[in-house]
There are 2 protein chains.
Amino acid sequence: MATGDGAPLGLRERKKQETRAALSWATIRLSVERGWDAVTVEDIAAEANVSVRTFRNYFSSKAEAVVARHIDRMLHVADDLRARPADEPLPEAVTHAVLARFAPEPGADRSPRSREFLSQWVKGIRLMLTEPDVQGEFFKADLVVQRELATAIAERIGTDVARDIYPSLVAAATGAAATVAMDHWLRSDPTVPIGVILSDALDRIWAGLPVP
Amino acid sequence: MATGDGAPLGLRERKKQETRAALSWATIRLSVERGWDAVTVEDIAAEANVSVRTFRNYFSSKAEAVVARHIDRMLHVADDLRARPADEPLPEAVTHAVLARFAPEPGADRSPRSREFLSQWVKGIRLMLTEPDVQGEFFKADLVVQRELATAIAERIGTDVARDIYPSLVAAATGAAATVAMDHWLRSDPTVPIGVILSDALDRIWAGLPVP
DNA sequence: GGAAAACTTGCCCAGTCGGCATCTTTTCCG
DNA sequence: CGGAAAAGATGCCGACTGGGCAAGTTTTCC
């Protein structure tokens with residue numbers, strides 16, 4: 001619901017989604033359990049009941065499988081920005097759009113399914129920011145997200161990504177804030193929600209990084 | 001001179017530096033010539049007159065070999081920051097430290113050696129921002145640079161990276177500005193010096209990204 | 001109902017990656 | 001000066017990756 005799947009997906013498409021999710025999740029789970037280097041693609045494929053070759057059809061590396069879930073999520077930020085009211089100032093609009101994808105509906109946080117999902121998400125983020133292999137993949141993918149966001153920003157303020165550096169700069173700064181926030185979140189008191197930290201980071205960016 | 005090599009390096013160390021540079025340069029050159037995927041480690045090793053195994057002792061991948069030169073350079077930014085006068089405000093200090101490593105001494109820009117070096121540098125940057133493999137490696141390495149910078153910032157303003165998110169945020173925003181500036185530089189009019197673009201980007205960051 | 005499109009899988013090979021043992025070069029100290 | 005000892009370079013090897021190709025299967029769509 002929250003992700004707004006408009007079209008009624010056919011069986012084929014649904015299976016693909018499932019396989020993709022299963023592979024991604026299996027990669028995270030096994031890596032956390034046994035350590036990144038101790039897990040082979042073969043292990044993961046077996047865990048998800050597909051062949052090694054099929055894993056490769058979905059992801060070109062273990063790292064990509066880990067990052068995919070997060071990136072799929074973040075790709076919606078640009079759409080969220082486009083959906084913000086047109087008269088909202090840019091800083092607020094961007095901040096809201098980003099926060100929306102980091103702090104899901106507060107109501108659903110207690111359901112068992114939601115709990116499990118959250119746990120996966122956290123583990124995935126930890127892997128992304130910890131394991132060098134995955135780090136690289138993460139940033140590479142984040143670049144794509146930032147390009148999307150930059151385009152949406154350019155649309156909103158009526159300029160062009162190629163000519164004006166501003167949209168890309170805002171997108172990159174936003175991405176930087178998000179990464180730092182995630183990192184800080186993982187390293188510090190885990191009871192503070194990620195949304196609070198991220199919100200603070202974004203506010204500081206838009207305030208011109210005043211020395212505290 | 002500019003890099004301040006204090007200790008008189010022994011023969012061994014000097015050879016290592018040379019081999020490292022030769023491998024890095026060979027990787028860039030061959031990749032530009034033939035295309036990233038068409039170059040094997042074997043080709044590169046042959047080009048630099050070392051064995052494949054020796055390449056691996058220096059770099060764990062082609063991508064790392066490309067990124068190394070840029071990163072070695074950027075690692076000095078933290079030191080540069082520490083060398084700035086203590087009463088200089090943080091924004092100016094950081095900006096100067098970063099710019100110093102992007103815009104070398106204006107006097108040397110015409111010597112033939114300097115020209116050649118610059119050409120390598122540009123090609124390396126283009127690879128870094130273009131080839132996905134290298135992109136990942138670049139950002140991974142840039143993270144290390146940013147950690148260094150964050151530590152230096154924390155020292156300067158008398159706080160702690162673990163407790164206070166501010167230094168990391170500044171470092172990440174600075175890094176983001178640098179990346180965007182490089183990207184924009186490569187894509188647009190190449191007669192505008194990178195220093196100008198980067199300086200503009202950093203100013204905007206410290207001004208709170210005002211909508212133009 | 002059945003052809004066409006899309007997916008899965010096995011096979012294969014060039015290339016990567018890193019451990020280990022060996023040989024060579026450089027350093028260092030008496 | 002000379003001879004360890006330390007540091008590099010290299011070859012060999014085995015496990016794994018990454019992607020092309022050619023069957024098989026399953027789903028979709030007329």
Side-chain angles (χ1 to χ4, degrees), chain A residues 5-24 26-27 30-31 34-68 127 131-137 140-141, chain B residues 5 7-28 30-31 33-68 127 131-137 140-141:
Chain A
D5 24 21
L9 301 177
L11 171 58
R12 174 167 249 141
E13 198 60 26
R14 226 179 316 134
K15 272 196 175 177
K16 254 174 50 177
Q17 301 290 332
E18 271 170 33
T19 304
R20 188 179 164 84
L23 285 172
S24 186
T27 307
L30 290 180
S31 298
R34 309 182 193 169
W36 180 252
D37 296 320
V39 178
T40 69
V41 172
E42 194 172 353
D43 298 334
I44 299 167
E47 181 82 5
N49 293 310
V50 295
S51 74
V52 174
R53 194 65 189 75
T54 295
F55 176 95
R56 295 215 114 33
N57 289 341
Y58 281 88
F59 303 108
S60 65
S61 68
K62 284 192 292 173
E64 194 177 309
V66 173
V67 170
L127 266 182
E131 207 60 44
D133 251 22
V134 194
Q135 271 178 19
E137 196 65 33
K140 212 166 68 184
Chain B
D5 23 22
L9 300 178
L11 171 60
R12 175 169 243 135
E13 198 59 27
R14 225 177 319 133
K15 273 196 174 176
K16 252 173 53 178
Q17 302 289 333
E18 270 170 33
T19 304
R20 188 178 164 86
L23 285 172
S24 186
W25 169 229
T27 307
I28 294 175
L30 290 180
S31 297
E33 263 177 35
R34 309 182 193 169
W36 181 251
D37 296 320
V39 178
T40 69
V41 173
E42 195 173 352
D43 299 334
I44 300 167
E47 180 83 7
N49 293 309
V50 296
S51 72
V52 174
R53 195 63 188 76
T54 295
F55 175 95
R56 292 210 136 349
N57 288 341
Y58 280 87
F59 303 108
S60 65
S61 68
K62 285 193 290 174
E64 193 178 310
V66 174
V67 169
L127 268 182
E131 206 60 44
D133 251 22
V134 194
Q135 272 178 18
E137 196 64 33
K140 211 166 67 182

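Proteins come first, then strands; the chains are lettered A, B, ... in the order of their sequence lines, and each starts at number 1.
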Rounded distance (Å) that lies between atom C1' of D:dA9 and atom CG of B:Leu23: 12 Å
Phosphate OP1/OP2 of C:dC17: any B:Arg56 side-chain N/O under 4.0 Å: yes
Side chain A:Arg53 and base D:dG18 donor-acceptor under 3.5 Å: no
Euclidean distance, atom CD of residue B:Glu13 to atom C1' of C:dC28 [Å, nearest integer]: 16 Å
Sub-4.5 Å side-chain heavy-atom contact between B:Arg14 and B:Gln17: no
Any A:Tyr58 side-chain nitrogen or oxygen under 4.0 Å from OP1 or OP2 of C:dC7: no
5' precedence on DNA chain D between B:Phe55 and A:Lys62 (nearest-nucleotide basis): B:Phe55
Phosphate OP1/OP2 of D:dC16 contacted by A:Thr40 side-chain N/O (<4.0 Å): no
Sugar-phosphate, base or nothing in reach of B:Val50, heavy atoms under 4.0 Å: sugar-phosphate
Any B:Thr54 side-chain N or O less than 4.0 Å from OP1/OP2 of D:dA9: no
Side-chain donor or acceptor of A:Lys62 paired with backbone N/O of A:Trp36 under 3.5 Å: yes
Out of C:dG10, D:dG19, D:dG11, whichever nucleotide has its closest atom nearest the side chain of A:Ser51: C:dG10
Whole-Å gap separating C1' (D:dA9) and CD (B:Glu18): 16 Å
side-chain N/O A:Lys15 vs D:dT27 OP1/OP2, d < 4.0 Å: yes
Side chain to side chain, A:Phe59 and A:Val41, heavy atoms closer than 4.5 Å: no
Distance in angstrom units between A:Asn57 CG and D:dT17 P, rounded: 15 Å
Nearest-angstrom distance from the residue atom CG of A:Asp133 to C1' of D:dC16: 13 Å
A:Val66 side chain near A:Ser24 side chain, heavy-atom distance below 4.5 Å: no
Separation of C:dC11 P from A:Glu42 CD (nearest whole Å): 13 Å
Distance, rounded to the nearest Å, where B:Asp37 contributes CG and D:dG20 contributes P: 10 Å
Sugar-phosphate only, base, or nothing, as touched by A:Val41 at under 4.0 Å among non-hydrogen atoms: sugar-phosphate
Gap between atoms NZ and P, on B:Lys16 and D:dA6 respectively (whole Å): 16 Å
B:Thr54 side-chain N/O to B:Val50 backbone N/O, donor-acceptor pair under 3.5 Å: no
